[in-house]
Each structure stands twice: as structure tokens, then as C-alpha cells.
Colleague: 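What follows is a structure written as C-alpha cells; I'll ask about it next.
No hydrogens, no waters, no symmetry mates; every other heavy atom, side chains included, goes into these values.
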Amino acid sequence: MSPKAAAPSAPKAGTREWTGLAVLALPTLLISLDQSVLFLALPHLAEALKPTGTQTLWMMDIYGFMIAGFLITMGTLGDRVGRRKLLMIGAACVGLTSLLAAYSTSAETLIATRALLGISAATLMPSTLALISNMFHDPQERGRAIAVWASCFMAGTALGPVVGGVLLEHFWWGSVFLLGVPIMVVLLILAPILLPEYRDAGAGKVDLLSVALSLGAILPVIHGLKELAEYGWDPLAAGAILAGLVVGALFVSRQRKLESPLLDLRLFSSASFSFALVVLLVSMVAMGGFYLFVTGYFQMVEGLSPMEAGLWMVPSALASIVSAQLAPTLVKRLPLGIVIGMGLGIGAVGYVLIAFVGSVGGLPLLVAGFVVVFFGSGPAGALGTHLVVSSAPPERGGSAAALSSISGDLGVALGIAVLGSIGSAVHRSHVQVPEGLPEEAARATGDSLESTLATVGRLSPELGDQALAAARDAYTSGLNTVAVVCALVAATTAVIAMTALRGVGSGVADQADR
């Protein structure tokens, strides 16, 4: 019998661990809900707080910016001070800042509280994921637990518009923030009972300069990508991205010199770890950018309300949950890279279906294609995250979890910027502006569907219908083109996964090279 076969098996999780997983699922669900629910509340916020256009953008963006900027810091801080302790501190802060946001009396106050809410929420993602690695020692059980964690995040993204729509129909705009308060109270009560504590006793102090450099690297890049996606080419946005990359290089240089770095770059010495991050990043480029176009089609082409659009997203969320739960079972029989690659290949087929969606009567095919896309994405999210966390030693679990989350955030930002630019370019090149439109309406129709919707109310019904039909056709052409690009991205990522991760099997933690 080989030494590997004779090694004792990892202890199995019990009722306490699985119940604790349910507690960890709560903040994961809340974060994904919070990232989408505010879109519905914007009209109510505009009426109550009367923000300027710039203030409205900051109210929407500051939450995601702060989460992305502080993930590395919070992941490493959890390794040092204790993951359960940081999770509870973050939960208390999320509950408090949610209350402050709900009862904000000015746009400035809401922006400030949303920023604090984002910093607080940044403690939750890496802490929950790192704690899962402490609670589930058996690789297969850990894979199942992370699949549940990933499923909650996917479900929250789709349910955000539905939950928000129900709340706003019966309560005032602040109710969308109060949703987090009872969830955090439950977490604070149950965490000391069900969750273990873990900290790296040998870790040094947090280097504050590294914290500043990490923020200076991540925030400008994400801000620049978002500006490029929203407004097209802008030298200031490009300069922000370049500045962020320069600061990122300084950050990396400093980490190499520190005895206790904020981010241990030795994690990247694992090929499995690095390739898993690449797969997560590239797959989220397609998913993040395309999600924007699909929700736009629901609301601007089909004329659905945000809540109705959210309901049409539920089947795709369920599909991703099902495939994420199937993935750990499949990986017992097949190499992990093959399972991820097969899923991405299925997703590519879904994108191809959407490439044939028309501007009239295209809803059934779009929903079917998006269900296929989400079904294919489930294994990449669940198994890719599992591989990232399992490839890191226990004392660096928080850092690994943070990098997993950051790769997703950067992928979404990059996808929105790149695919949004492609879709806009296709719209402008394909739109057939009707004759007889006033100059302002013709310019709006040639620019985007959003601009067209904002101007048709000032046109005659006949001209308004013609302008809308032309803009919707052009928007759908953009959707079709982006679907083809996403199919190519998904297929390429599938090949990367199948080749780069072909040697990784079900015992991820044991087989990942370190």
C-alpha cells in the first residue's frame, strides 16, 4: 500500500458544520442582493433626495468600488485577527450602516453611508469563504460547501430585482437597505455558536502602506473601466487605468520585500491557483458584460418592468444553482478541468442561441439561451473557487478567498467596459435612423436605445414608434454580436481549463501543486 493510500482520510463534517454553512450563506446572499437592488430604488431616491447626476452615479458605484478596493486588506486582516471575529465585526458594521443608509436625509449622506457599507461588506466575502475551508477538511465536502456558497451568490444576483420590486411596492425606498439588518442580527447570534475561529498566530502586523497601495491599484482600474463602458473613450479614464497599473506594480514590488506581506505572492507559485484565477476572471468577463445586455433587452426591447425582468432571470439562476451542485459529483469521476471546460462549452452553446434572438418575439429564445449560459457557468464558479481556496495553505486562506472575489469583480468590470463598447459600436453602425426625425431625436436614435427612450415622448406616435423600432433593432444587433464574442470567449476559456487544469482531480487540496 502506498503512503498516500495509507494516509488517514480527512475528518467528515457534522451537523454543526453544515448548519454553520447556512449561516455563512446569509451574508453571501445579502451582498449579491445589495449589488442589484438599488437600481430599482433610483426613481424613489431621486424624488426624495434630489441628487445631481454625479451624485446619482456615486450612489450607485461607491458600494462596489469599496468592496473591490478593500477585499485584499480584509482577507489578510481576517488571517491575522481571526476570521470569525472579523466576520462578526463586519456584520455589525453592515447592520449599522444599512440603518444609516435607510434613513439618509441627503444625497451626500447616502453616498457616505454606501461607502461605509461597502467597506463593511468587504469583510464578509473572504471571511465566509475562508471559514468554509476551516470547517470542511474533506476535499469533496469542501467542494460541495463552496458550491452552495457560490449558488447563494448567483441566486442573490437574480433575486435582487424581484425582492426590491416587492419591497418598493409596499414600503419606502429605505426598505431595500433594511433588508440586511435582520440577516446580520441572525449572523451575530449564531456565529459564536456554529462557526470556528481561525487566525494565523505567526502573522505580522498589517502594513498600512501596502493597504494604501492596494487601494491605489484597484480603485482607479475599476473606475476607469466603468467610465470607458459608460461614456466611451476618455483620456482621463484611460489615465486612471494606467495609474492603477503603475501603483499595482509598486504594490507587487513592496510585497516581495516585506517579511509579512499584505498579499503573499507565493500563492501564485501554484500553477493550479493561477490558472483557476484566470478561468474565473475570463468567464466573468463574458458573464458580467452580457448580463447587462440581457437585462437591457428585457426592459428596453420587451418593455418589462424591473421586477418582471427579475422574474425572467430566476430560471437562469436556478440553472446555475443546479449545475453548481452537480459539479462536485461530476468531479469525483472526471478531472476538474474537464468538468469546468464542459460547462463553459455548454455556456458557449447558450451564447450561440442568443446570437439568433430577434428584436420582435425574441424573449423565449433569449431566456432559453440564458438558462443554458448560466447552467454552463455553475461549475466554473463553484469548482474554480474551490480550487483557489484549496490551493492555499490554511494560514493564507483569507488572502486566497479575497483574490477569488477580486478576479470576479475585475472580470465583471472588464466585461462591461469591453463588451459594452462593442455593443455600442454595433448599435451606431447598424441603426437605420428614420427619415423626418427632428435633429435631437435622430441623434438620440443613432446613439443608443436609452437615449431614444428618453426622447420619443416628444415625438408624434408614428415617428416615436419608428424611432423605437430602429433603436431596438440596432440594440438587438449589438446583443447578437456580443453573444458571438462571448461564445468565443467561453470556448477559449473551456480549452484553457481542459488543458491547464487537466491534472487536477477530486482531491483538489491534495493534488494542487504548491
Side-chain angles (χ1 to χ4, degrees), residues 26-46 48-49 51-75 89-104 106-128 153 156-161 163-164 167-168 173-181 183-184 214-215 218-227 229-230 284 288 291-292 295 306 402 405-406 408-413 416-417:
L26 293 175
T28 306
L29 186 64
L30 176 65
I31 290 173
S32 55
L33 277 169
D34 273 353
Q35 288 181 325
S36 57
V37 75
L38 192 61
F39 286 96
L40 295 180
L42 270 183
H44 305 268
L45 283 169
L49 304 181
T52 65
T54 302
Q55 287 173 334
T56 299
L57 289 174
W58 277 112
M59 284 190 296
M60 296 296 300
D61 296 340
I62 194 66
Y63 177 77
F65 285 168
M66 291 297 102
I67 288 181
F70 279 90
L71 276 172
I72 288 179
T73 300
M74 296 305 180
I89 292 172
C93 292
V94 166
L96 178 60
T97 51
S98 296
L99 278 171
L100 294 175
Y103 292 99
S104 295
S106 68
E108 294 84 356
T109 304
L110 183 57
I111 292 170
T113 53
R114 286 274 290 173
L116 293 173
L117 184 58
I119 295 172
S120 303
T123 66
L124 304 181
M125 293 282 284
S127 295
T128 54
F153 193 83
T157 301
L159 292 176
V163 174
L167 289 173
L168 292 170
W173 61 266
S175 61
V176 299
F177 296 109
L178 292 180
L179 181 66
V181 176
I183 293 177
M184 294 299 101
S214 70
L215 292 173
I218 296 170
L219 294 181
V221 170
I222 292 183
H223 174 70
L225 289 173
K226 190 179 186 313
E227 290 292 300
E230 195 158 349
M284 288 309 298
Y291 188 93
L292 184 69
T295 55
S405 299
I406 287 174
D409 287 342
L410 286 176
V412 169
I416 291 173

Colleague: After noting the C-alpha distance and the side-chain angles of Met66 and Leu219, does the key distance pass the side chain to side chain contact (heavy atoms under 4.5 Å, CB included) rule?
Modeller: CA-CA 8 Å; Met66 291 297 102; Leu219 294 181; 4.0 Å; yes

Colleague: Side chain of Thr97, backbone of Val94: donor and acceptor closer than 3.5 Å?
Modeller: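 Side chain of Thr97 to backbone of Val94, a donor-acceptor pair under 3.5 Å: yes, one is there.
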
Colleague: If I take atom CD1 from residue Ile183 and atom OG1 from residue Thr28, how far apart are they, to the nearest 0.5 angstrom?
Modeller: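 Rounded to the nearest 0.5 Å, the CD1-OG1 separation comes to 10.5 Å.
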
Colleague: So how far is it from Thr73 OG1 to Leu215 CG, rounded to the nearest 0.5 Å?
Modeller: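 Here the rounded value is 5.5 Å.
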
Colleague: Is the shortest side-chain heavy-atom distance between Leu99 and Leu178 below 4.5 Å?
Modeller: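 When only atoms from C-beta onward are counted, Leu178 and Leu99 do touch, with a gap below 4.5 Å.
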
Colleague: Take Met125 and Ile67 through the test side chain to side chain contact (heavy atoms under 4.5 Å, CB included) and record every step on the way to the result.
Modeller: CA-CA 9 Å; Met125 293 282 284; Ile67 288 181; 5.5 Å; no

Colleague: How long is the straight-line distance from CD1 of Ile218 back to CZ of Phe70, given to the nearest 0.5 Å?
Modeller: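 Phe70 atom CZ to Ile218 atom CD1 measures 10.0 Å (nearest 0.5 Å).
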
Colleague: Just how far is it from atom SG of Cys93 to atom CE of Met184, taken to the nearest 0.5 Å?
Modeller: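 Here the rounded value is 11.5 Å.
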
Colleague: Could you walk me through whether Leu110 and Phe177 pass the side chain to side chain contact (heavy atoms under 4.5 Å, CB included) check?
Modeller: CA-CA 11 Å; Leu110 183 57; Phe177 296 109; 4.0 Å; yes

Colleague: Identify the two heavy atoms, one from Trp173 and one from Ala102, that lie closest to each other, and give their separation to 0.1 Å.
Modeller: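 Looking at all heavy atoms of both residues, the closest pair is CH2-O, 3.7 Å.
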
Colleague: Looking at Thr128 and Pro27, what are the two nearest heavy atoms and their distance?
Modeller: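 For Thr128 versus Pro27, the nearest heavy atoms are CG2-CG, 3.7 Å.
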
Colleague: Are the side chains of Leu117 and Ser98 in contact, using a 4.5 Å heavy-atom criterion?
Modeller: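 Ser98 reaches Leu117 side chain to side chain.
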
Colleague: Has Ser104 got a side-chain atom pairing as donor or acceptor with Leu100's backbone, closer than 3.5 angstrom?
Modeller: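 Flag set: sc Ser104 to bb Leu100 pair under 3.5 Å.
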
